[in-house]
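Since the structure is predicted, the reported quantities are computational estimates derived from the model, not experimental observations. Counting starts at 1 for both ligands and their atoms, following the listed order.
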Amino acid sequence: MKRILVTGGAGFLGSHLCERLVEEGNDVICMDNYFTGSKKNIYNLIGKPTFERVRHDVTDPFKVECDEIYNLACPASPPHYQYNAIKTVKTSVMGAINCLGAAKRTRAKVFQASTSEVYGDPEIHPQPESYWGNVNPIGIRSCYDEGKRVAETLFMDYHRQNDVDIRIVRIFNTYGPRMNPEDGRVVSNFIVQALRGEDITIYGDGTQTRSFCYVDDLIEGFIRLMNQSATVGPMNIGNPGEFTMLELAEKVLQKVRGKSKLTFLPLPGDDPKQRQPDITLAKEHLDWEPKVGLDEGLDRTIDYFRSVV
Ligand code: NAD
Ligand code: UDP
């Protein structure tokens, strides 16, 4: 039995990961400060003998004896990470240092949840891991993008300098049950608005694209990356199916059979125009590719939101 620490374990992705790791017979410690996460996400795990909760902020040092660490602590939706931009930088940078320090002390393997945002507003399409990105260092998204880029730097430096066993995943937009309905990300916003009969808020003209990965596919990719040793990453995990926000809105409205109208709002600063993962490396090293298409994934996610909205 492995003892595994998951930071951000009460969040959307963290709760799915904790569930999967407990199911596989591991002893799981979920660390969270509940900024964007919720105990509701882990209700089904609380009380299990192999699941333990710790309320702790990753920016504060901690000591833990464990075999593996998955570092997911960080607000992920633009309104939440921009709410306290300085805290977001601290969470990424100091959180990475604290996790790497713990991994160095205990010789644990440590996994960083990085992001497609390291590519910024990409000039290469689709984005391979070898692309260095096009990131504004001083804009409103920089606290998140640059924080995650420094975290990747720290992971690689601890690996080269101190021989810490690391893995880095670059996550592309992921959706599914347990997204916070008020979180502000596009999939949850559109579904909640359609279910409530409110206007669907399209930022800009809606022609910008994203590639949406269903949460179960992503978690499978995490586990496969962690459990192989051919590469430490960084590795893209995402679904290459690419859609405009107008296409996404139409799909959601059709599925919910909603009568909402589209309303066009200003595009937030530095909003990337396009994004699609090149998943050649994941196919090659992990024998991984996504199995759940957008239609099926949206059906499952809409079912979830019907039960909570
Ligand atoms: P989320 O906001 O639901 O989860 C983040 C969790 O981290 C929450 O439970 C939150 O309370 C916790 N947290 C935040 N700051 C903390 C701190 N200082 N100390 C302890 N806990 C803290 O978001 P998510 O979608 O589950 O994202 C999880 C990770 O994956 C994040 O690191 C995010 O950057 C990364 N990621 C997610 C996506 C996506 O599409 N979901 C895409 C790219 C990267
Ligand atoms: N978006 C939108 N309406 C919303 C929320 C988001 O049109 O109500 C757009 C946003 O401008 C971006 C895309 O949807 O172009 C994805 O936004 P999200 O916040 O989900 O993720 P990110 O921009 O970080 O990829």
Side-chain angles (χ1 to χ4, degrees), residues 6-18 30-39 41-42 54-60 62 70-82 84 87-92 94-96 98-99 111-119 121 141 144-145 147-148 151 169-176 178-180 183-193 198-215 218-219 222 236-238 243-246 248-249 262-275:
V6 179
T7 75
F12 160 49
L13 298 180
S15 64
H16 285 276
L17 178 63
C18 287
C30 164
M31 179 187 286
D32 208 293
N33 70 350
Y34 302 104
F35 173 45
T36 52
S38 160
K39 275 186 220 158
N41 288 340
I42 46 171
V54 183
R55 181 186 285 266
H56 185 83
D57 194 306
V58 286
T59 60
D60 293 327
F62 53 85
Y70 286 85
N71 183 32
L72 272 65
C74 186
S77 95
H80 283 146
Y81 70 63
Q82 287 163 17
N84 184 344
K87 174 74 189 201
T88 299
V89 176
K90 287 185 183 171
T91 296
S92 273
M94 292 160 72
N98 288 329
C99 287
F111 176 107
Q112 169 65 3
S114 190
T115 169
S116 54
E117 289 288 320
V118 300
Y119 302 122
D121 192 6
R141 293 175 85 101
Y144 184 74
D145 302 8
K148 290 284 188 181
V169 67
R170 290 183 180 157
I171 306 166
F172 283 66
N173 298 62
T174 299
Y175 68 100
R178 299 203 196 120
M179 289 184 94
N180 180 341
D183 169 287
R185 282 182 269 189
V186 69
V187 175
S188 45
N189 269 9
F190 285 4
I191 294 176
V192 170
Q193 289 161 347
E198 296 167 1
D199 286 354
I200 304 279
T201 52
I202 308 273
Y203 301 162
D205 62 7
T207 57
Q208 71 271 35
T209 67
R210 294 290 185 275
S211 303
F212 298 104
C213 184
Y214 187 68
V215 60
L218 183 87
I219 300 298
F222 278 16
N236 291 339
I237 297 285
F243 299 87
T244 66
M245 296 312 104
L246 285 172
L248 178 69
L262 304 187
T263 180
F264 291 84
L265 300 176
L267 189 68
D270 292 339
D271 201 285
K273 284 183 275 306
Q274 56 180 0
R275 199 182 279 157

Practice task
Determine whether Asp270 and Asp121 make a side-chain contact, defined as any pair of heavy atoms from C-beta on separated by less than 4.5 Å.
Solution key: no

Exercise for the section: Return yes if some donor-acceptor pair links the side-chain N/O of Gln112 with the main-chain N/O of Ala96 below 3.5 Å, else return no. Expected result: no

Practice task
Decide whether the shortest distance between a heavy atom of Tyr81 and an atom of ligand 1 is less than 4.0 Å.
Solution key: no

Exercise for the section: Pull out every atom of ligand 2 sitting under 4.0 Å from any heavy atom of Asn189, numbered as shown with elements. Expected result: 4 (C), 5 (C), 8 (O)

Exercise for the section: Heavy-atom distances under 4.0 Å are what count here, so tell me which part of Met31 touches ligand 1: side chain, backbone, both or neither. Expected result: neither

Practice task
For Gly8, take its heavy atoms, then give the atoms of ligand 1 lying under 4.0 Å from any of them.
Solution key: 6 (C), 7 (O), 9 (O), 12 (C)

Exercise for the section: List every atom of ligand 1 that sits less than 4.0 Å from any heavy atom of Lys148, numbering the atoms from 1 in the order shown and giving each element. Expected result: 31 (C), 32 (O), 33 (C), 34 (O)

Practice task
Indicate yes or no: does an N/O atom of Asn173 lie under 3.5 Å from an N/O atom of ligand 2?
Solution key: yes

Problem - Nearest atoms (heavy-atom pairs only) where Asp183 meets Ser77 - result: O-OG, 2.6 Å

Practice task
Using distance alone, determine whether Arg275 and ligand 2 share an N or O pair under 3.5 Å.
Solution key: yes

Completion exercise
Under 4.0 Å from one or more heavy atoms of Gly11, ligand 1 contributes atoms 3 (O), 4 (O), 8 (C), 9 (O)

Problem - Sub-4.0 Å heavy-atom approach of Pro78 to ligand 2 - result: yes

Practice task
Could you tell me whether Ser114 approaches ligand 1 through its side chain, its backbone, both or neither, with non-hydrogen atoms closer than 4.0 Å?
Solution key: backbone

Handout entry: Nearest protein heavy atom with distance in Å, relative to atom 29 (C) of ligand 1
Key = Leu72 O, 3.3 Å

Problem - Location of contacts on Val186 toward ligand 2, heavy atoms closer than 4.0 Å - result: both

Problem - Geometric class of the Phe212/Tyr175 ring pair [parallel <30°, tilted 30-60°, perpendicular >60°] - result: perpendicular

Practice task
Heavy-atom contacts with Gly37 under 4.0 Å: which atoms of ligand 1 show up? List them by number with element.
Solution key: 8 (C), 9 (O), 10 (C), 11 (O)

Practice task
Before signing off on this row, confirm whether Ile171 and ligand 1 have an N or O atom pair separated by under 3.5 Å.
Solution key: no

Practice task
Using distance alone, decide if ligand 1 has a nitrogen or oxygen within less than 3.5 Å of any nitrogen or oxygen in Pro75.
Solution key: no

Completion exercise
If we number the atoms of ligand 1 from 1 as shown, the ones under 4.0 Å from a heavy atom of His56 are 19 (N), 20 (C)

Problem - Per-atom contacts, ligand 2 versus Arg185 - under 4.0 Å to a heavy atom - result: 19 (O), 20 (O)

Exercise for the section: Consider every N or O of Tyr144 and every N or O of ligand 1, then say whether any pair is closer than 3.5 Å. Expected result: yes

Problem - ligand 1 to Lys87 polar contact by distance, N or O atoms, under 3.5 Å - result: no

Fill in the blank from the handout: re atom 12 (C) of ligand 1, the protein heavy-atom contact at minimum distance is Asp32 OD1, 3.4 Å

Exercise for the section: May I ask you to list the atoms of ligand 1 that are less than 4.0 angstrom from any heavy atom of Tyr34? Expected result: 11 (O)

Practice task
Determine whether any heavy atom of Gln193 lies closer than 4.0 Å to an atom of ligand 2.
Solution key: no

Fill in the blank from the handout: Taking only non-hydrogen atoms of Asn173 and a 4.0 Å limit, the atoms of ligand 1 in range are 40 (O)

Problem - Any donor-acceptor pair under 3.5 Å from Ser92 side chain to Lys90 backbone - result: no

Exercise for the section: Kindly say whether Thr59 contributes a backbone atom to a donor-acceptor pair with the side chain of Asn98 at under 3.5 angstrom? Expected result: yes

Problem - Side-chain donor or acceptor of Thr36 paired with backbone N/O of Pro75 under 3.5 Å - result: no

